[in-house]
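First up is the structure itself, then whatever we jot down about it.
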Amino acid sequence: MTTQTNLPEMRENTHDIGGKKIFVAETGDGPPVLLLHGGGPGASGVSNYSRNIAELAKEYRVIVPDLPGYGRSSKGIDRTDPFGSLATGIRGLMDRLGLDKAHMVGNSYGGACALRLALDTPDRVDRMVLMGPGGVGTTRALPTPGLNSLLNYYTGDGPSRLKLEKFIRDYLVFNAAQVPDSVIDARYEASIDPEVIANPPLQRPRDLRTVWKMDFTRDKRLNRLPVPTLVLWGAADKVNRPSGGRMLAERMPNCDLYEVANTGHWVQWERADLFNSLCADFLAGRR
């Protein structure tokens, strides 16, 4: 397994998008690739992709935002349409950066953001890589224990380092011993930002209409989405069921599926070497 990658020097900016701030770091030259991070407590762009940025930047202009509600971006998203709210923010960021089109790479919540953006505006997405994306088959089965752990983080007795460690070690990854305490410490500190506690960016949907809207397998546009897509799903994912990969492959006309053995929900971190190779080659059209 790849050890922590030394990050290259990155250009940092905060952009005003529709009255809200989106923080973005970028590096490298070449075709633009947006890396969209997951929605777990304390997540942020650069930390989630720390093992991928340097390698992908050898060939691409790598753009790593903090999604709305996370990191150094403004807090608060539209509760009636969370995926749409994220996609609108990222599309606005593309406009601000002058990008008519870009590759999308999204893990979990970020995968849902990428997929929604592609469904709403397929002309803005070149190729897309999704790792255990959210919103796939969510109305067809009860939430997994891992997803419940994530959604319960800010409820009950509130956030704690113990709750976060349990989510990461028991549900997020396949091999808990590979996660250093420093990763948990950093994410815990980010998760207890008062603005985040007041308005957590990932919560249980409040009504059935929102629940239905957040399941992509109920969206008829999926069957005709032209964007070439690679889905990577950890075979031992305890947050989003690996069966979601097959659901996407059966519905999307240009979708390749790769199920990754001995891997949990965090493919790009747990299997960084494999991910970096597959991602770079797929985005370049080499596979």
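Since this is a predicted model, take the numbers as computed values, not measurements.
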Yes or no on side chain to side chain contact (heavy atoms under 4.5 Å, CB included) for Asp170 and Ser149, after CA distance, side-chain angles and deciding distance?
CA-CA 10 Å; Asp170 290 0; Ser149 175; over 6 Å; no

Check the pair Thr80, Asp78 against side-chain hydrogen bond (donor to acceptor under 3.5 Å, both in side chains), reporting the backbone distance first and the verdict last.
CA-CA 6 Å; Thr80 66; Asp78 181 359; 2.7 Å; yes

Carboxylate-amine/guanidinium proximity below 4.0 Å for Asp219 and Arg221:
yes

Examine [X] and [Y] and state if one hydrophobic cluster contains both, with Ile, Leu, Val, Met, Phe, Trp and Tyr joined whenever side-chain heavy atoms are less than 4.5 Å apart.
{"X": "Ile197", "Y": "Tyr70", "answer": "yes"}
{"X": "Val64", "Y": "Leu7", "answer": "yes"}
{"X": "Leu150", "Y": "Val196", "answer": "yes"}
{"X": "Leu230", "Y": "Val260", "answer": "yes"}

Mind telling me whether Trp266 and Trp269 have parallel, tilted or perpendicular rings, with 30° and 60° as the class edges?
parallel

Walk me through it: do Leu34 and Val24 pass the test side chain to side chain contact (heavy atoms under 4.5 Å, CB included)?
CA-CA 10 Å; Leu34 276 82; Val24 62; over 6 Å; no

Strictly distance-based, threshold 3.5 Å: is any side-chain N or O of [X] a donor or acceptor partner for the main-chain N or O of [Y]?
{"X": "Asn48", "Y": "Gly38", "result": "yes"}
{"X": "Lys220", "Y": "Arg218", "result": "no"}
{"X": "Tyr60", "Y": "Ala284", "result": "yes"}
{"X": "Arg116", "Y": "Thr88", "result": "no"}
{"X": "Arg271", "Y": "Ala261", "result": "yes"}
{"X": "Asn254", "Y": "Pro226", "result": "yes"}
{"X": "Gln268", "Y": "Phe275", "result": "no"}
{"X": "Ser73", "Y": "Phe23", "result": "yes"}

Residue of the set Thr155, Asn148, Thr210 for which side-chain hydrogen bond (donor to acceptor under 3.5 Å, both in side chains) holds with Arg204
Asn148

Mind running side chain to side chain contact (heavy atoms under 4.5 Å, CB included) on Val105 and Tyr49 for me, showing each step along the way?
CA-CA 10 Å; Val105 175; Tyr49 288 100; 4.2 Å; yes

Looking at every non-hydrogen atom in both residues, tell me the closest pair between [X] and [Y] and how far apart they are.
{"X": "Leu93", "Y": "Ile22", "answer": "CD2-CG2, 4.2 Å"}
{"X": "Lys21", "Y": "Asp16", "answer": "NZ-OD2, 3.5 Å"}
{"X": "Val227", "Y": "Asp126", "answer": "CG1-O, 3.7 Å"}

State, without any angle test, whether Asp215 and Thr217 hold a side-chain donor-acceptor pair at a distance under 3.5 Å.
yes

For Tyr154 and Leu202, what are the C-alpha separation, side-chain angles and deciding distance, and is it a side chain to side chain contact (heavy atoms under 4.5 Å, CB included)?
CA-CA 10 Å; Tyr154 288 102; Leu202 185 57; over 6 Å; no

